[in-house]
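This report refers to the structure that appears directly beneath it.
Keep in mind that this is a model prediction, so the values were computed, not measured.
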Amino acid sequence: MTRSLDAGSTKWVLGSLAAFFTLLAGIDLAIFDGTQRAILAGVAAISAVVLAAGAVLVRRRRPGRQPAVLSVFGFIPVLNGLAPLFVTGELHQTSMLMLIMVGLGVAVSSTAFAIAAAATATAGWIAAVLLRDDLHTGELTYYAVQFGLALTMGTLLRVSLIRRQRLLRAMRDELAEAAERFQGVFEGSPAGIGLAGTDGRFVTVNPALCRILGREQDEVIGQDVFRYAHPDDRFDLDEIARRIAEASDGVARMEVRFCRPGDDTRWVWLTLCRTPTSGDGNRTLVQMQDVTARYQAERATRDSERLLAAVAGVARRIRTGEDARTNIINAVRDLASSDGVMLMEPVTATEELVVTAASQQHLVGTRIPLALTSMTAEVYRTGQPVFRADPAADPVVSPALLELTRARSLLWQPVIADGTVIAVLCVSWARRLDDVGGRRARAVALLADETALALEHEQLLRHLERMAYTDTLTGLANRRAWQAQLPRLLAQARRTGGSLTVAIADLDHFKRYNDTYGHPAGDELLRQTASAFTQALRDSDLIARWGGEEFAMALPDCPAPDAAQVLDRVRAATPGAETCSIGYATWDGTETVEQLLSRADDALYQAKEGGRNAVREAAVTLSA
């Protein structure tokens, strides 16, 4: 059984023995006289020199040779223990030899050498007794027994030492195996693990932590735990200590963004706790778990919920007939995390796109001519979405648009219905985006579809409204529209103190015309009459098809004398050789709509009875 000693330990043992024999040489010089002094002090001095030289030279030997070196030098104490017996012939010198034998049993690393040293010491003691007659005293038996007990004690200590060495070796092997397993777990753990020193800087990290941070190990070790964290997520040592102290289990937990090279941000679940092995309690165990996938999934879920809510809000507005533009603008801005959104719709008459809704209200009403070269016009013509990370560098992008929106990145999304572009969404960011990203692009595209649906629905409602209030044959307002608008005109006259004249015109002998030329010709006459009457009236006047061949007219701010001239112009505008009769009444300031219409109808009857092709004013009704 051999104990492994490194060069430093071997040097220390040899040096200690050299010092001991140097002291022994001095003691021998002080105790002995004559030849005994010279021999014993000389042997001790030579031993000290040899051991000292061994201590100096032992580092030059290979580590595996150190126990053998100790074994060779271990015979020197045995020789120094036997020398006094041979030189002095005194039995009590056996005591030193016994001490040396007990010491060698404990200190010598080689069991073979320990046995050899014990055999050498025993043989030397017996030889001394045999050669020196002066050792044959009454105490010989006593010292012989004592010497035997020393050998026995050395042997027992040796056995105990071997057993202890075996136990220590087993414990060392177990510790080495545990350390190897821990190192394997540490190195192979999918979670990032590191240990930070008292200054909050990493002293060791595993490969997983380096992968999470996207950096090499030598870049991370020596850096602060939050060195690569997002600026908004960094904490100092005092904050970390406070969080750990406040945690019920002594573990601080937080979600932190870490910035990797290439503008790659990772979401990390970070746990910090004091290590139980640090006596001062200042070392911190750091664990990192990359939760970016979970965060992105949760964010995608939240975005989907927000998108569904936005679509539901738009759909709800569509169903109720409300203008959904504001909802769409707000939803696009929210889901795209943008700074501005505009909805631009075409004005056919002027060949322009006009901003009908925007998150920045001062942009509403802005016009973009389609004839000019611009990215907005290009997207409207091609129906293809376009994103520009740096629109200022694109000559097609209008500088005026950049000035209005103050955008550093722009996205144009066409709004398409039945294969036709009916509007353009323009999304702007005040910060530069290298890529609009799939999530933003999908959200904007989906909301563009909802925009198309909302605009189509609005057009349909307008069409239905026009149908409800428009005579399909003549294109004039129908009786329903007349009944809705006349009370408003009367209320306006009452509020302003102005005048209001109401007239009813009837085509003369229309039945005979129908019977003679047929109903299609009669319909055409009605259409021509509607157009002629409209042109003869003022822009502020209202005309409606009252029913059949009758037309109702309202002339606001037109007193009776002026009304007579206007209505006579209308009568004269009757198409072809046909004529019409007109009766009118001017509001007396108190009567109701029904009373006013009744007087106009009476005047029409008078015009018919008077020979037709005439304009008659209703008589004024005097109140009692």
Side-chain angles (χ1 to χ4, degrees), residues 303 306-307 309-372 374-380 385-388 390-392 394 396-417 421-433 436 440-441 443-459 461-462 465:
D303 287 345
R306 289 162 57 202
L307 184 56
V311 171
V314 173
R316 184 168 56 253
R317 291 220 167 197
I318 292 174
R319 287 195 304 271
T320 58
E322 297 180 65
D323 187 355
R325 290 177 177 82
T326 302
N327 263 36
I328 291 168
I329 292 296
N330 292 338
V332 171
R333 184 178 182 183
D334 180 37
L335 292 169
S337 301
S338 65
D339 298 290
V341 182
M342 293 187 296
L343 176 63
M344 295 168 281
E345 299 179 57
V347 180
T348 307
T350 58
E351 291 292 318
E352 293 176 312
L353 289 174
V354 62
V355 178
T356 56
S359 56
Q360 300 153 302
Q361 287 302 311
H362 68 279
L363 297 177
V364 176
T366 303
R367 294 179 177 271
I368 300 97
L370 291 173
L372 299 180
S374 69
M375 187 60 72
T376 304
E378 183 70 16
V379 171
Y380 180 76
V386 173
F387 171 73
R388 288 291 181 266
D390 185 12
D394 192 330
V396 180
V397 179
S398 168
L401 178 63
L402 295 177
E403 179 66 24
L404 284 172
T405 60
R406 299 187 180 277
R408 294 193 61 192
S409 293
L410 282 168
L411 168 67
W412 291 265
Q413 177 70 42
V415 178
I416 302 174
V421 179
I422 61 172
V424 175
L425 278 169
C426 182
V427 187
S428 62
W429 290 267
R431 63 194 184 282
R432 178 187 170 92
L433 296 180
V436 71
R440 291 191 181 100
V444 174
L446 180 57
L447 287 169
D449 293 339
E450 292 300 316
T451 303
L453 180 61
L455 296 181
E456 279 191 311
H457 187 268
E458 183 185 73
Q459 292 175 0
L461 288 178
R462 288 179 179 175
E465 186 176 356

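Looking at residues two or more places apart in sequence or on another chain, you find a salt bridge (charged side-chain N to carboxylate O under 4.0 Å, His left out) between Arg388 and Asp394. Remark: Arg367 engages Glu352 in a salt bridge (charged side-chain N to carboxylate O under 4.0 Å, His left out) (not counting sequence neighbours). Evaluation of the side-chain hydrogen bond (donor to acceptor under 3.5 Å, both in side chains) rule for Thr405 yields no partner, not counting sequence neighbours.
With Thr366 as the fixed residue, the side chain to side chain contact (heavy atoms under 4.5 Å, CB included) test singles out one of Val354, Val355, Leu401: Val355. Exactly one of Ile329, Asp339, Val332 qualifies for a side chain to side chain contact (heavy atoms under 4.5 Å, CB included) with Ser359. That residue is Ile329.
To the nearest 0.5 Å, the span separating CE on Met375 from SG on Cys426 amounts to 10.5 Å. Between atom OG of residue Ser374 and atom OH of residue Tyr380 there is a gap of 12.5 Å, rounded to the nearest 0.5 Å. A distance of 10.0 Å separates CG in Leu433 from CG in Leu410, rounded to the nearest 0.5 Å. To the nearest 0.5 Å, atoms CE (Met344) and OG1 (Thr376) are separated by 4.5 Å.
Taking both residues in full, the closest heavy atoms of Gly340 and Gln360 are given as CA-OE1, 4.2 Å, listed atom of the first, atom of the second, then distance. Of all heavy-atom pairs spanning Ala358 and Leu363, the tightest one is CB-CB, 4.1 Å. Here the closest non-hydrogen pair linking Arg431 and Ser337 is NH2-O, 3.2 Å.
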- prompt: Going through the checks in order, is the side chain to side chain contact (heavy atoms under 4.5 Å, CB included) test met by Glu378 and Val386?
  reply: CA-CA 9 Å; Glu378 183 70 16; Val386 173; over 6 Å; no
message: Checking Leu411 against Trp429 for the side chain to side chain contact (heavy atoms under 4.5 Å, CB included) test, could you report, in this order, the C-alpha distance in whole Å, the side-chain angles of both residues, the deciding distance, and whether it holds?
response: CA-CA 9 Å; Leu411 168 67; Trp429 290 267; 3.8 Å; yes
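Residues Pro391 and Leu402 are in side-chain contact: their nearest non-hydrogen atoms beyond the backbone lie under 4.5 Å apart. Inter-residue side-chain proximity for Pro385 and Pro414 is flagged as met; some heavy-atom pair is nearer than 4.5 Å.
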